[in-house]
Amino acid sequence: MNAEDTKAAMLAVAEAMIAAEPLLTDADRAIGDGDHGVGMRRGFLAVKEKLEAETPATPGAVMKATGMALLSKTGGAAGAVFGSFFRAGGQALGESEAIDAGGFSNFLTAGRDAVMKRGGASEGDKTMLDALAPAIASAEGSDDLAAALAAAATGAENGVEVTKAMVARFGKAKTLGERALGHPDPGALSLALILRAWSTWTKQEN
């Protein structure tokens, strides 16, 4: 996946996240203040605007541009978390001219480390990390990028389901205690949607 491909994939992700605003709003309304969907829509509208105006030279640069747009426009904790995720993942890709399965795994791992450092959360705290950790584990060992993406998306979706049985330790949901049980974490849901949209685009292009 070269820079042009990565740009096209991130534009497809942006479209999916913009369309997912009602779903994410409902998920956040159940355990938060209901603004996650609006914030993610605003952030990915900025991603779309930025990428439609230019094509960064490398896949890593595409991801860093995506992260910067999210960081500047999403707002709140989601902007910091997803902005950091894409920026750190882009940095891990370096100057490579293409993303392969190994590069994708490095992207996810670097993104996870940045999110943990930024927010202080860990797996099991009912955050996006609970979708990201199984995504990383599921993608490991694959030699094919499309297969790695599909596995990561499925892993993340499984992680979203697991968050329903968790009591939140971060954010607004923390104040709900056990009342947050039965509801997925909106950040985990966002990550799963991002990976599924990326995977779907890749399958269609192969």
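For this chain, numbers begin at 1 and follow the sequence in order. Keep in mind the model is a prediction, meaning the values are calculated, not measured.
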Classify the ring geometry of F86 against F44: parallel below 30°, tilted from 30° to 60°, perpendicular beyond 60°.
perpendicular
> Do L195 and L145 sit in the same hydrophobic cluster, where Ile, Leu, Val, Met, Phe, Trp and Tyr count as joined when their side-chain heavy atoms come under 4.5 Å apart?
Replying inline: yes
**Prompt:** Do any N or O atoms from the side chain of K7 and from the backbone of L51 form a donor-acceptor pair under 3.5 angstrom?
**Reply:** yes
To the nearest 0.5 Å, atom CG of L24 lies from atom CG of L193 at 6.0 Å
Shortest non-hydrogen pair, M63 vs G90, comes out as CB-CA, 3.7 Å
- Task: Kindly determine whether T154 and R196 satisfy side chain to side chain donor-acceptor pair (under 3.5 Å), including the steps that lead there.
- Result: CA-CA 8 Å; T154 299; R196 179 57 67 191; 3.1 Å; yes
| said: Is the shortest side-chain heavy-atom distance between L191 and F85 below 4.5 Å? | reply: yes
#### Entry: T163 backbone acceptor or donor facing D130 side chain under 3.5 Å
no
Taken to the nearest 0.5 Å, the spacing of E97 CD from N2 CG works out to 9.0 Å
Closest non-hydrogen atoms of I99 and P59, given as atom of the first, atom of the second and distance, are CG1-CB, 3.5 Å
- Is the shortest heavy-atom distance from the side chain of T127 to the side chain of S122 under 4.5 Å? no
Side chain to side chain, S96 and T58, heavy atoms closer than 4.5 Å: no
Margin query: With heavy-atom distances below 4.5 Å as the criterion, would you say the side chains of W201 and E15 are in contact?
Written below: no
Is there side-chain contact between M128 and L189, with heavy atoms separated by less than 4.5 Å? no
Scanning both residues in full, the closest heavy-atom pair of P56 with A3 reads O-CB, 3.5 Å
Check: E21 and V38 side chains under 4.5 Å, non-hydrogen atoms: yes
Correct closest heavy-atom pair for A19 and P22 would be O-CD, 3.4 Å
* To do: Return yes if some donor-acceptor pair links the side-chain N/O of T109 with the main-chain N/O of N106 below 3.5 Å, else return no.
  => no
Does any N or O in the side chain of K73 come within less than 3.5 Å of the main-chain N or O of A46, such that one atom is a donor and the other an acceptor? no
Between the CE atom in M40 and the CG atom in D28, the distance rounded to the nearest 0.5 Å is 11.0 Å
For A152 and L108 the tightest heavy-atom approach is CB-CD1, 4.3 Å
If you draw a 6.0 Å radius around CD in E52, do more than 12 non-hydrogen atoms from other residues or ligands fall strictly inside? yes
Correct closest heavy-atom pair for S138 and P134 would be OG-O, 2.7 Å
**Prompt:** Is it true that M116 and I194 fall in one hydrophobic cluster, defined by side-chain heavy atoms closer than 4.5 Å?
**Reply:** yes
Item to check | Sub-4.5 Å side-chain heavy-atom contact between V160 and D185 | outcome: no
| task | Tell me yes or no: between the side chains of T25 and H36, is some donor less than 3.5 Å from an acceptor? | result | no
Residue pair W198, F107: steps toward the ring-ring contact (aromatic ring centres under 6.0 Å, His included) verdict
CA-CA 13 Å; W198 188 358; F107 171 87; 5.7 Å; yes
State, with a plain yes or no, whether a side-chain heavy atom of M68 is found less than 4.5 Å away from one of R87.
-> yes
Interatomic distance, CZ@R112 vs CG@L129, rounded to 0.5 Å, equals 8.5 Å
Checking L70, T74, V13 against V47 for side-chain contact (heavy atoms from CB on, under 4.5 Å), the one that qualifies is L70
Between the OG1 atom in T66 and the NZ atom in K48, the distance rounded to the nearest 0.5 Å is 14.0 Å
Fill in: Hphob cluster co-occupancy, L45 + F82, side-chain heavy atoms under 4.5 angstrom
yes
Taking atom CD of E54 as the centre, does the number of heavy atoms from other residues, nucleotides or ligands within less than 6.0 Å exceed 12? yes
Taking L11 as the starting point, is it possible to reach L149 by hopping between hydrophobic residues whose side chains are less than 4.5 Å apart? yes
